[in-house]
2 protein chains.
Amino acid sequence: MLPIGTLAKRTGTKVQTIRYYEQIGLLPEPGRTEGGQRRYGDKDLDRLAFIRHSRQLGFSLEAIRELLELSDSPERSCAQVDAVAHRQLREVEARIDRLEALRSELRRMISECSADRVADCRILEVLRDHEECLADHHATGA
Amino acid sequence: MLPIGTLAKRTGTKVQTIRYYEQIGLLPEPGRTEGGQRRYGDKDLDRLAFIRHSRQLGFSLEAIRELLELSDSPERSCAQVDAVAHRQLREVEARIDRLEALRSELRRMISECSADRVADCRILEVLRDHEECLADHHATGA
DNA sequence: ATACAAGCTACAGTGGGTAGAGGTTCAAGA
DNA sequence: TCTTGAACCTCTACCCACTGTAGCTTGTAT
């Protein structure tokens, strides 16, 4: 039975994060010692590893919750798993598109500025006047 | 003199966001009517437009604060403005790189799964076992 | 005079954690 | 067995950039 610090090291997770996952119901409440310290088994290790790997691939905790539930019913069709993964892929692709648009805007802006003084700086001018605002008014994921 | 709702519409900002910008000192405290309602002038409109354009390009509020300060001293060299813009460009490029890595991982994962049942699902398997974890343990910007 | 849209303040919540205060427990060495 | 000290515990607040709500007040048009 592993204490929380060991679980943390093995999975590359912070101790607080593990407790946070427990708090939001992503990890089950583990057993405790008489003194009240958490003790984990291999199943917990696997589950946490699953969560961390999924996070590394950009899945939200809600999506991970869904994947974990699905993986608990091994006889079901995996179409739903596929759907979650595709959704994630689409989200990543959308973020890339958005960031690539930003990148070219920034590059253009920077390349146009050859001024010395702030008063003539093209960068600031673009930021002030920026006519062709980017399509939407959403956040940029900054 | 414009009330806050008009300013909001003209700049594509929510009313609460304008009050938030004021609260954190990004917008100056405007004049008020006798009854206590905010009234804005053209300078405020310009400043808010600058902020929104910069946000659309992904600049953080801290970076915007810096840009606004710089643009208040028109005789200074614009090298610092350039530096802020370049820093932003590098951040965007880094995020793109990261997301492109995620995208290919996701694509590979999805393409490998041709199972019917959750029990044989390659996607879940990859999430469980994912050996070659991506380089770092940072957040993904999700 | 009245109706009602639009304004006001203050506080809570989002996602995904992270940091710290202040106290307790576990395990190893003497 | 005692003592040390690292690791654990709970609870709370903080990060970013907003967004939403409750409950009230003000401005404006008719």
Side-chain angles (χ1 to χ4, degrees), chain A residues 1-27 29-40 44 48 51-66 68 88 91 95 98 136-142, chain B residues 1-27 29-40 44 48 50-66 68 88 91 95 98 102 136-142:
Chain A
M1 294 302 249
L2 311 166
I4 197 168
T6 308
L7 193 70
K9 255 171 230 154
R10 296 249 184 110
T11 57
T13 315
K14 301 233 158 137
V15 166
Q16 296 104 304
T17 304
I18 297 175
R19 291 197 282 246
Y20 169 70
Y21 287 162
E22 179 186 330
Q23 196 192 315
I24 62 168
L26 212 54
L27 285 176
E29 289 184 29
R32 301 264 185 160
T33 62
E34 283 193 22
Q37 298 195 358
R38 292 171 179 81
R39 288 297 180 267
Y40 295 94
D44 299 305
L48 182 53
I51 295 169
R52 295 312 291 176
H53 293 151
S54 304
R55 284 296 294 139
Q56 281 169 23
L57 287 168
F59 288 92
S60 71
L61 295 183
E62 269 324 291
I64 293 170
R65 203 187 290 276
E66 202 177 337
L68 283 167
Q88 176 61 18
E91 274 168 30
R95 281 212 293 272
R98 172 86 178 136
D136 59 4
H137 284 265
H138 294 131
T140 58
Chain B
M1 295 305 250
L2 312 165
I4 196 167
T6 308
L7 194 70
K9 254 172 230 155
R10 295 250 185 109
T11 57
T13 315
K14 301 233 158 141
V15 166
Q16 296 103 307
T17 304
I18 296 175
R19 289 198 281 248
Y20 169 71
Y21 288 161
E22 178 186 330
Q23 196 192 313
I24 63 168
L26 211 55
L27 285 177
E29 289 184 27
R32 302 263 185 161
T33 62
E34 283 192 24
Q37 299 196 356
R38 292 170 180 82
R39 288 297 178 267
Y40 295 94
D44 299 305
L48 181 53
F50 184 98
I51 294 170
R52 296 311 293 175
H53 294 151
S54 305
R55 285 295 297 138
Q56 281 169 22
L57 286 167
F59 288 92
S60 72
L61 294 182
E62 270 322 293
I64 294 169
R65 203 188 289 276
E66 203 176 337
L68 282 166
Q88 175 60 18
E91 274 168 31
R95 281 212 294 271
R98 171 84 177 140
L102 291 190
D136 60 2
H137 283 264
H138 294 130
T140 58

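Naming convention: chains lettered A, B, ... in sequence-line order (proteins, then strands); numbering from 1 in each chain.
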Under 4.0 angstrom between [X] side-chain N/O and [N] OP1 or OP2:
X	N	result
B:Arg65	D:dC16	no
A:Tyr21	C:dG17	yes
A:Arg55	C:dG15	no
B:Lys14	D:dA17	no
A:Arg52	C:dG16	no
B:Thr17	D:dT19	yes
A:Arg38	D:dC9	yes

Would you kindly give the [atom1]-to-[atom2] distance between [X] and [N], to the nearest whole Å?
X	N	atom1	atom2	value
A:Leu7	D:dA7	CG	C1'	14 Å
A:Gln56	C:dG16	CD	P	15 Å
A:Ile4	C:dT25	CD1	P	17 Å
A:Gln23	D:dT12	CD	P	11 Å
B:Glu22	D:dA17	CD	P	18 Å
A:Glu62	C:dT14	CD	C1'	12 Å
B:Tyr40	C:dA6	OH	P	16 Å
A:Leu2	D:dC8	CG	C1'	15 Å

Identify which nucleotide among [options] has an atom closest to any side-chain atom of [X], counting heavy atoms from C-beta outward.
X	options	answer
A:Leu61	D:dC8, C:dT9, C:dG17	C:dG17
B:Tyr20	D:dA17, C:dG16, D:dC8	D:dA17
A:Pro3	C:dG17, D:dC8, C:dC8	D:dC8

Go through the structure and list residues passing side-chain contact (heavy atoms from CB on, under 4.5 Å) with [X], not counting sequence neighbours.
X	answer
A:Arg39	A:Met1, A:Pro3, A:Thr33, A:Gln37
B:Lys9	none
B:Glu62	B:Ser60, B:Arg65

Can you list the residues that meet the side chain to side chain donor-acceptor pair (under 3.5 Å) rule with B:Tyr21, with sequence neighbours excluded? B:Arg52
Looking at every strand, decide which applies to A:Ile24 at a 4.0 Å heavy-atom threshold: base, sugar-phosphate, or nothing. nothing
Quick one: closest heavy-atom pair of [X] and [Y], and the distance?
X	Y	result
B:Leu2	B:Thr6	CD2-CG2, 4.1 Å
A:Leu26	A:Leu61	CD2-CD2, 3.8 Å
A:Ile64	A:Ile51	CD1-O, 3.8 Å

Can you list the residues that meet the salt bridge (Lys or Arg N to Asp or Glu O under 4.0 Å) rule with A:Glu66, with sequence neighbours excluded? A:Arg87
Annotated protein contacts, base or backbone, on nucleotides 21-30 of chain D with a non-hydrogen cut-off under 4.0 Å, one of B, S, - each: B----BS---
